[in-house]
Participant: 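My questions will all concern the structure given below.
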Amino acid sequence: MLRSNANFLSGFAVVRDLILISCAFLIAVLSDNTLPSESGKRYLALLPFALAAWHLGIRFVGLYAAKRTHPLLVMGKLALVALAYTGLQRVFLEALGWFHFDERLGWHFPAAAFVLLVAGRMASRLVMDGYRRLGFETVNVLIVGTDSRTLMYAEQIRNNERWGERLHGFLVDDGGSVPRAHPVAGRRADLESLLLTRAIDRVVFAGPLTGSPTLNGELILCERLGVDAVVLPGNDDLKVARLCVDNQFGMPVLTFSTAPQAPFQLMLKRAMDASVAGLLLVLLAPLFVVVGVWIRLDSPGPVFFRQKRVGLHGRTFSCLKFRTMFVDAEARLAELLAMNEMDGPVFKMARDPRITRP
């Protein structure tokens with residue numbers, strides 16, 4: 001039931017966003033009364049591309065996932081989608097010669113789409129909050145265990161009632177206890193009987209993910225009865241690493257990764273890095289040509305010097321730079337070691353005879 005409701009809400013969100021994007025597109029294109037009818041038809045032909053691009057962007061940043069997201073984070077993700085769409089439209093559509101870039105499509109449409117999408121999500125949020133306060137779409141949660149993680153989970157439920165989650169109670173271990181503010185539904189051994197006799201939608205466990213026969217049996221019980229199970233892994237000491245679910249060799253695994261797990265932001269950063277680097281290469285190309293000619297006239301040998309360097313985790317990469325030393329500089333290093341002015345493995349001398357003229 002919960003999964004079908006989540007699917008319905010996700011489908012509703014997709015339809016809502018497509019309608020709002022279409023409205024923003026029409027507002028941006030048709031707001032100019034001086035636009036010729038033929039130009040208007042050409043612009044409207046771009047609407048399917050705009051709908052597909054925005055939908056993929058919103059899905060890529062995870063806004064259709066069934067999870068609670070802070071409004072500011074939602075706005076930030078929608079802003080990233082708007083910026084990415086603007087760049088994609090300008091670069092690719094103008095490169096293909098399909099449409100001319102102007103203010104209507106370049107700025108008015110993404111801005112209007114951003115405003116309407118934010119407003120649509122805020123309105124949907126208010127409607128769902130009121131709907132849940134009336135007792136509909138309620139998720140009854142049963143928590144097993146009484147450690148700090150389960151108590152924190154229960155506090156989040158209490159402090160965010162508009163999310164539609166209700167704490168049915170705790171199942172305590174032998175000798176365990178919970179604060180008086182939280183209800184106790186029974187002992188941990190009562191889990192099966194409660195799931196069979198009560199309307200429980202989700203069971204929350206805390207403990208090791210492997211090596212616990214009790215937890216493994218309880219997860220199997222939830223699977224057999226069709227009740228969602230949530231496990232709070234014991235990773236309180238980790239400060240940076242994030243937990244993500246992956247599939248390796250056909251087996252589900254949990255990965256604690258210190259690398260960023262935001263593919264859209266990483267893709268956007270990579271695109272910006274490549275664009276800025278390409279632009280600088282074009283702008284500085286005349287200077288590079290002058291430097292290359294100067295190096296060739298000053299001393300025999302190649303213009304560029306290639307050397308292996310050590311990068312992250314000991315991986316080597318090739319470093320390419322303009323040559324500032326004679327070709328036999330590395331071979332002559334041994335005879336100059338006695339003149340080294342630095343301590344350690346670094347070699348430095350004020351007047352190195354291997355350096356070419358400045």
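Since the structure is predicted, the reported quantities are computational estimates derived from the model, not experimental observations.
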Participant: In chain order, what residues pass the salt bridge (Lys or Arg N to Asp or Glu O under 4.0 Å) check against R323, with sequence neighbours excluded?
Facilitator: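 Checked R323 against salt bridge (Lys or Arg N to Asp or Glu O under 4.0 Å); zero matches.
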
Participant: Please answer: with hydrophobic residues joined when any side-chain heavy atoms are less than 4.5 Å apart, are L51 and L83 in the same cluster?
Facilitator: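 Not linked; separate clusters.
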
Participant: Treating Ile, Leu, Val, Met, Phe, Trp and Tyr as nodes and any side-chain heavy-atom pair under 4.5 angstrom as an edge, say whether F170 and V230 lie in one connected cluster.
Facilitator: yes

Participant: Is it possible for you to say whether I19 and V14 belong to one hydrophobic cluster, with membership spreading through side-chain heavy-atom contacts below 4.5 Å?
Facilitator: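 I19 does not cluster with V14.
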
Participant: Strictly by salt bridge (charged side-chain N to carboxylate O under 4.0 Å, His left out), give each pair with a member in residues 282-294 just once, sequence neighbours left out.
Facilitator: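 Matches after skipping sequence neighbours: none remain.
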
Participant: Is the closest basic N to carboxylate O distance between R121 and D17 below 4.0 Å?
Facilitator: yes

Participant: Can you list everything that forms a salt bridge (Lys or Arg N to Asp or Glu O under 4.0 Å) with E223? Sequence neighbours excluded, please.
Facilitator: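 Per chain and number, E223 pairs via salt bridge (Lys or Arg N to Asp or Glu O under 4.0 Å) with no residue.
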
Participant: The criterion is side chain to side chain donor-acceptor pair (under 3.5 Å); which residues satisfy it with K321, sequence neighbours excluded?
Facilitator: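 Per chain and number, K321 pairs via side chain to side chain donor-acceptor pair (under 3.5 Å) with no residue.
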
Participant: Got a list of side-chain donor-acceptor pairs under 3.5 Å for residues 273-289, not counting sequence neighbours?
Facilitator:
residue	atom	partner	partner atom	Å
D273	OD2	K269	NZ	2.8
S275	OG	A271	O	2.7

Participant: Considering residues at least two apart in sequence or located in another chain, which fulfil the side chain to side chain donor-acceptor pair (under 3.5 Å) criterion with D190?
Facilitator: none

Participant: If the condition is side chain to side chain donor-acceptor pair (under 3.5 Å), which residues does R306 pass it with, not counting sequence neighbours?
Facilitator: none

Participant: Could you tell me which residues satisfy ring-ring contact (aromatic ring centres under 6.0 Å, His included) with H168, sequence neighbours excluded, listed by chain and number?
Facilitator: none

Participant: With salt bridge (charged side-chain N to carboxylate O under 4.0 Å, His left out) as the rule and sequence neighbours excluded, what pairs involving residues 45-58 come up?
Facilitator: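 Salt bridge (charged side-chain N to carboxylate O under 4.0 Å, His left out) check on residues 45-58 returns no pairs.
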
Participant: For residues 280-305, which residue pairs pass the salt bridge (charged side-chain N to carboxylate O under 4.0 Å, His left out) check, not counting sequence neighbours?
Facilitator: D298-R357

Participant: Return the set of residues passing side chain to side chain contact (heavy atoms under 4.5 Å, CB included) with A229 (not counting sequence neighbours), or none when no residue passes.
Facilitator: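 A229 satisfies side chain to side chain contact (heavy atoms under 4.5 Å, CB included) with F205, L219, C222 once adjacent residues are dropped.
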
Participant: Taking the ring of H55 and the ring of Y64, is the distance between their centroids below 6.0 Å?
Facilitator: yes

Participant: Would you say V184 ends up clustered with L167 if hydrophobic residues are merged whenever their side chains have heavy atoms under 4.5 Å apart, either directly or through other cluster members?
Facilitator: yes

Participant: Which word best sums up how the rings of F109 and W54 line up, parallel for under 30°, tilted for 30 to 60°, or perpendicular for over 60°?
Facilitator: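 If you compare the ring of F109 with that of W54, the planes turn out perpendicular.
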
Participant: Can you name the residues that form a salt bridge (Lys or Arg N to Asp or Glu O under 4.0 Å) with R59, not counting sequence neighbours?
Facilitator: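 Here no residue qualifies.
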
